[in-house]
K.L.:
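Have a look at this one before I ask anything.
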Amino acid sequence: MSSGIIQSYWPNFIDGKFRHGGAGKITVCDPSTGGALAEHALADTDDVNRAVGAAHRAHRSGALADLHPMERGRMVRAMGEYLADHIDEVKRTITLEQGKPLFEAEAEVRMAVRLFEYFGSMTESLEGRSVPCDNTRFDFTVYKPFGVSAQFMPCHYPIYIPSRTLAVALAAGNSCVMKTSELAPISASWLARAAQEAGFPDGAVNIFCGRRADAGAALARHPDIDHLVFIGQAGAATAVLADTAKTIIPSIVEVGGTSPTIVHEDADLDAFVAEARMGTYLNAGQFCCGMYRIIVHESRYQELIDRSIALAESLTVGPGMESGDGEFKPYMGPMDSHAQLDRVLDIIEDAKRAGAQCVAGGTRLPGAGSFLQPTVLRDVEPHMRVAKEEVFGPVMAVMKFSDERDAIELANSAGHSGLMCSVFTRDLGRMLRAAHGVRAGHIVSNQSIIGGAEVPFGGFGRGGHGSLKGREALMGYVQRKNVLLNL
């Protein structure tokens with residue numbers, strides 16, 4: 001228990017009130033120590049019914065959906081302002097329950113604030129259009145919110161990712177019922193406080209922690225949800241989407257994938273190393289666009305290996321609370337949980353058995369926390385598990401290619417599409433050919449990070465469907481209504 005830093009018990013937020021859970025409590029652990037951090041209320045089926053009922057009632061009342069868009073936008077922006085005003089407390093909550101360094105947690109909060117700013121300013125842009133007719137008719141379209149948006153959230157960005165869905169859903173006029181991860185449910189309580197402070201009507205925002213098998217299934221199957229957002233692992237997405245299949249509700253899904261990085265012979269390797277610090281080892285590698293598969297031209301292979309080893313060995317690994325504030329540092333925190341650490345270690349061992357060499361890291365650090373050394377694997381082949389699965393850990397798996405066509409084939413060899421491909425080259429033609437040929441939702445040149453709130457974001461192929469940022473995201477939370485007037 002971290003007395004004096006974080007409260008010992010956190011309730012759910014349903015129908016405008018903080019409430020205990022019908023399924024009791026769940027213990028939330030600090031991944032830096034492995035010990036208990038706090039308890040959180042655990043929802044049962046009755047809690048889910050209460051939350052959906054409140055959201056349904058709030059939507060039907062028009063208390064949010066019928067507001068002038070400007071007023072709704074002000075409330076959305078006010079949520080971001082609340083987070084900004086409490087940034088020191090929020091970032092420490094994130095670090096304690098999820099593990100990332102304080103400077104990364106602060107960046108996460110600031111990105112969340114930007115989402116509320118952006119989508120709060122977009123509410124008045126949802127304009128319909130008139131449709132040309134003869135002079136006996138007038139036809140036009142308008143956009144309306146779906147109603148109750150059910151949202152399933154992961155643990156690796158416990159403020160930013162929930163903010164990404166809440167901001168746009170509320171801006172469009174939907175009421176929200178959000179199920180947090182069981183591993184990191186506490187941070188989302190700050191979003192509940194922000195919604196309350198911003199003046200959202202009771203029932204417009206409901207946030208609870210519940211187990212996937214009961215509360216999660218009850219939410220997905222509920223007949224009164226009108227819209228679904230799922231962000232997480234592909235296997236869990238399959239189960240949730242199967243539960244919603246009978247109601248045929250529209251959905252937005254992002255399940256990531258094993259994003260490739262192509263490094264051509266003309267690449268600036270200084271730029272590559274700087275970006276790999278973020279792309280491979282940010283948040284202990286728990287990053288949906290992580291630079292896990294590095295596909296490098298054979299002429300630069302050894303040089304990139306040497307530089308990557310130096311990068312991995314330059315990072316200090318330790319508790320997020322000991323990282324200090326301020327600018328990004330060569331410091332990495334623990335993984336979310338022992339279960340995720342064990343999974344990544346198993347992928348590393350599988351690669352070694354298949355012939356890959358671990359040239360940096362590859363082992364857990366001593367102690368009770370879920371710490372993994374920054375890892376570099378060489379001699380990786382496309383058939384290996386590390387080259388096919390999303391690692392979701394601080395692991396760089398390096399492969400080589402001989403020509404440009406070979407690079408694109410390797411990038412697409414994981415068997416399903418993903419979120420992002422980074423291309424390191426000075427040749428614009430190569431970059432554009434990769435943009436055409438690689439099956440990914442985003443192709444970026446000489447960097448590892450996709451743009452901000454204004455940039456459309458989402459998977460390609462089996463990596464997901466629907467956009468989670470930009471104006472395209474707003475259109476994913478509304479439905480078109482056409483009106484024909486006989487003059």
Side-chain angles (χ1 to χ4, degrees), residues 234 253-269 271-283 285-298 300-301 304 308 376-377 380-384 386-452 455-470 472:
V253 178
E254 190 256 283
V255 294
T258 176
S259 297
T261 297
I262 300 173
V263 184
H264 286 282
E265 63 266 36
D266 66 338
D268 179 348
L269 290 191
F272 168 81
V273 170
E275 292 299 315
R277 160 66 187 99
M278 300 285 286
T280 305
Y281 301 120
L282 181 75
N283 197 26
Q286 297 159 124
F287 180 38
C288 58
C289 296
M291 291 171 59
Y292 307 126
R293 284 193 299 149
I294 312 300
I295 302 164
V296 58
H297 190 269
E298 57 192 7
R300 307 297 298 278
Y301 186 76
L304 183 140
S308 299
V376 179
L377 296 169
V380 172
E381 298 293 337
H383 66 271
M384 295 178 182
V386 73
K388 288 187 171 295
E389 292 186 20
E390 183 177 37
V391 177
F392 226 67
V395 177
M396 183 186 295
V398 188
M399 313 162 72
K400 67 174 69 171
F401 72 90
S402 57
D403 60 47
E404 187 177 322
R405 180 175 295 183
D406 181 33
I408 292 175
E409 287 180 358
L410 283 170
N412 291 331
S413 66
H416 57 85
S417 307
L419 280 170
M420 187 179 83
C421 174
S422 297
V423 183
F424 287 82
T425 181
R426 293 180 171 90
D427 187 328
L428 181 59
R430 279 178 173 162
M431 169 62 190
L432 293 176
R433 287 190 292 274
H436 176 75
V438 176
R439 291 181 56 80
H442 301 266
I443 313 294
V444 300
S445 67
N446 302 308
Q447 66 182 49
S448 63
I449 302 296
I450 297 169
V455 176
F457 175 76
F460 191 89
R462 295 183 185 177
H465 49 80
S467 183
L468 295 156
K469 296 193 300 183
E472 288 185 15

K.L.:
Going by side-chain hydrogen bond (donor to acceptor under 3.5 Å, both in side chains), name the residues that satisfy it together with Thr425, two or more places apart in sequence or in a different chain.
P.N.:
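Partners of Thr425 by the side-chain hydrogen bond (donor to acceptor under 3.5 Å, both in side chains) criterion, ordered by chain and then number, come out as Asp266.
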K.L.:
For the side chain of Asn283 and the backbone of Gly285, is there at least one donor-acceptor N/O pair under 3.5 Å apart?
P.N.:
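Checked: no pair found.
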K.L.:
If we only count heavy atoms from C-beta on, is the Ser259 to Met291 side-chain gap below 4.5 Å?
P.N.:
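No, side chains not in contact.
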K.L.:
Can you name the nearest heavy-atom pair linking Val380 to Ala387, along with the distance?
P.N.:
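Shortest heavy-atom contact: CG1-CB, 4.1 Å.
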K.L.:
Any side-chain heavy-atom pair from Val423 and His264 closer than 4.5 angstrom?
P.N.:
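In short, these two side chains touch, coming nearer than 4.5 Å.
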K.L.:
Can you check whether Glu298 reaches Phe401 side chain to side chain, under 4.5 Å on heavy atoms?
P.N.:
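Not touching, per the 4.5 Å side-chain cut-off.
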K.L.:
Please list, chain by chain and in numerical order, all residues satisfying salt bridge (charged side-chain N to carboxylate O under 4.0 Å, His left out) with Arg426, sequence neighbours excluded.
P.N.:
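Not a single residue meets the salt bridge (charged side-chain N to carboxylate O under 4.0 Å, His left out) criterion with Arg426.
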K.L.:
Tell me every residue that passes ring-ring contact (aromatic ring centres under 6.0 Å, His included) with His465, counting only those two or more places apart in sequence or in another chain.
P.N.:
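Result, ring-ring contact (aromatic ring centres under 6.0 Å, His included) vs His465: none returned.
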K.L.:
Run the side-chain hydrogen bond (donor to acceptor under 3.5 Å, both in side chains) test against Ser448 and tell me which residues pass, sequence neighbours left out.
P.N.:
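Glu275.
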K.L.:
Can you name the ring-ring contact (aromatic ring centres under 6.0 Å, His included) partners of Phe287, sequence neighbours left out?
P.N.:
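None.
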K.L.:
Judged by atom type as modelled, is there a donor-acceptor pair below 3.5 Å linking the side chain of Ser422 to the main-chain atoms of Gln447?
P.N.:
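Answer holds: yes.
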K.L.:
Any side-chain heavy-atom pair from Val263 and Leu269 closer than 4.5 angstrom?
P.N.:
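SC-SC contact between Val263 and Leu269 confirmed.
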K.L.:
Ignoring hydrogens and angles, tell me if any N or O in the side chain of Arg439 forms a donor-acceptor pair with the backbone of Phe460 under 3.5 Å.
P.N.:
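No; zero donor-acceptor contacts below 3.5 Å.
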K.L.:
Tell me, which pairs form a salt bridge (Lys or Arg N to Asp or Glu O under 4.0 Å) where one or both residues lie in residues 254-263, sequence neighbours left out?
P.N.:
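Only Arg164-Glu254 qualify under salt bridge (Lys or Arg N to Asp or Glu O under 4.0 Å).
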K.L.:
Checking Phe392 now: which residues fulfil ring-ring contact (aromatic ring centres under 6.0 Å, His included) with it, not counting sequence neighbours?
P.N.:
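Once residues adjacent in sequence are excluded, the partners of Phe392 under the ring-ring contact (aromatic ring centres under 6.0 Å, His included) criterion are His156.
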K.L.:
Return the minimal non-hydrogen interatomic distance between Ala414 and Thr258, and the atom names on each side.
P.N.:
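Nearest heavy atoms, Ala414 then Thr258: CB-CG2, 3.4 Å.
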K.L.:
Determine the minimum heavy-atom distance between Gly393 and Tyr292, stating which atoms define it.
P.N.:
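Reported closest heavy-atom pair: O-CE2, 3.3 Å.
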K.L.:
List in chain and number order the residues that pass side-chain hydrogen bond (donor to acceptor under 3.5 Å, both in side chains) with His442, two or more places apart in sequence or in another chain; answer none if no residue qualifies.
P.N.:
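If we apply the side-chain hydrogen bond (donor to acceptor under 3.5 Å, both in side chains) test to His442, skipping adjacent residues, there are no hits.
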K.L.:
For the side chain of Glu389 and the backbone of Val391, is there at least one donor-acceptor N/O pair under 3.5 Å apart?
P.N.:
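Not a single qualifying donor-acceptor pair exists.
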K.L.:
Quick check on side chain to side chain contact (heavy atoms under 4.5 Å, CB included): which of Ile294, Val386, Leu377 does Met396 satisfy it with?
P.N.:
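Of Ile294, Val386, Leu377, side chain to side chain contact (heavy atoms under 4.5 Å, CB included) with Met396 is met by Ile294 alone.
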K.L.:
Verify, without hydrogens or angle tests, whether Arg293 (side chain) and Met399 (backbone) share a donor-acceptor contact under 3.5 angstrom.
P.N.:
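Such a contact is absent between Arg293 side chain and Met399 backbone.
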K.L.:
How long is the straight-line distance from OG of Ser413 back to CD1 of Ile295, given to the nearest 0.5 Å?
P.N.:
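So the gap between those two atoms works out to 6.0 Å.
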K.L.:
Residues in side-chain hydrogen bond (donor to acceptor under 3.5 Å, both in side chains) with Glu265, at least two apart?
P.N.:
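Applying side-chain hydrogen bond (donor to acceptor under 3.5 Å, both in side chains) to Glu265 gives Arg430.
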K.L.:
Can you name the ring-ring contact (aromatic ring centres under 6.0 Å, His included) partners of Tyr301, sequence neighbours left out?
P.N.:
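Here no residue qualifies.
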K.L.:
From Glu472 CD over to Ser467 OG, what is the distance, rounded to the nearest 0.5 angstrom?
P.N.:
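That separation rounds to 5.0 Å.
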K.L.:
I'd like to check Ser308 versus Phe272 (side-chain heavy atoms, cut-off strictly below 4.5 Å). Are they in contact?
P.N.:
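They are in side-chain contact.
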K.L.:
Test of understanding: with side chain to side chain contact (heavy atoms under 4.5 Å, CB included), list the residues that count as partners of Val455, not counting sequence neighbours.
P.N.:
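Partners of Val455 under the side chain to side chain contact (heavy atoms under 4.5 Å, CB included) test: Ile450.
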K.L.:
To check you understand the geometry: which heavy-atom pair defines the closest contact between Tyr281 and Pro394, and what is its length?
P.N.:
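That would be CE2-O, 3.4 Å.
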K.L.:
Flag the pair Lys400 / His297 as yes when at least one side-chain heavy-atom distance between them is below 4.5 Å, and no otherwise.
P.N.:
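Side-chain contact under 4.5 Å: no.
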K.L.:
Give, for atom OG1 of Thr261 and atom CG of Leu304, the distance between the pair rounded to the nearest 0.5 Å.
P.N.:
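Reported to 0.5 Å precision, the distance equals 10.0 Å.
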K.L.:
Quick one: list whatever passes side chain to side chain contact (heavy atoms under 4.5 Å, CB included) with Ile408, sequence neighbours left out.
P.N.:
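Ile408: side chain to side chain contact (heavy atoms under 4.5 Å, CB included) contacts with Asn412, Val438.
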K.L.:
When you compare the side chain of Met431 with that of Ile443, does any pair of heavy atoms fall below 4.5 Å?
P.N.:
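Answer yes - side chains close enough.
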K.L.:
If you count heavy atoms of other groups shown closer than 6.0 angstrom to NE2 of His383, is the number above 12?
P.N.:
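Yes - once you tally the heavy atoms of other residues, nucleotides and ligands closer than 6.0 Å, there are more than 12.
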K.L.:
What closest approach, in Å, do Phe424 and Asn446 show between heavy atoms, and which atom pair accounts for it?
P.N.:
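For Phe424 and Asn446, the tightest heavy-atom pair comes out as CA-OD1, 3.2 Å.
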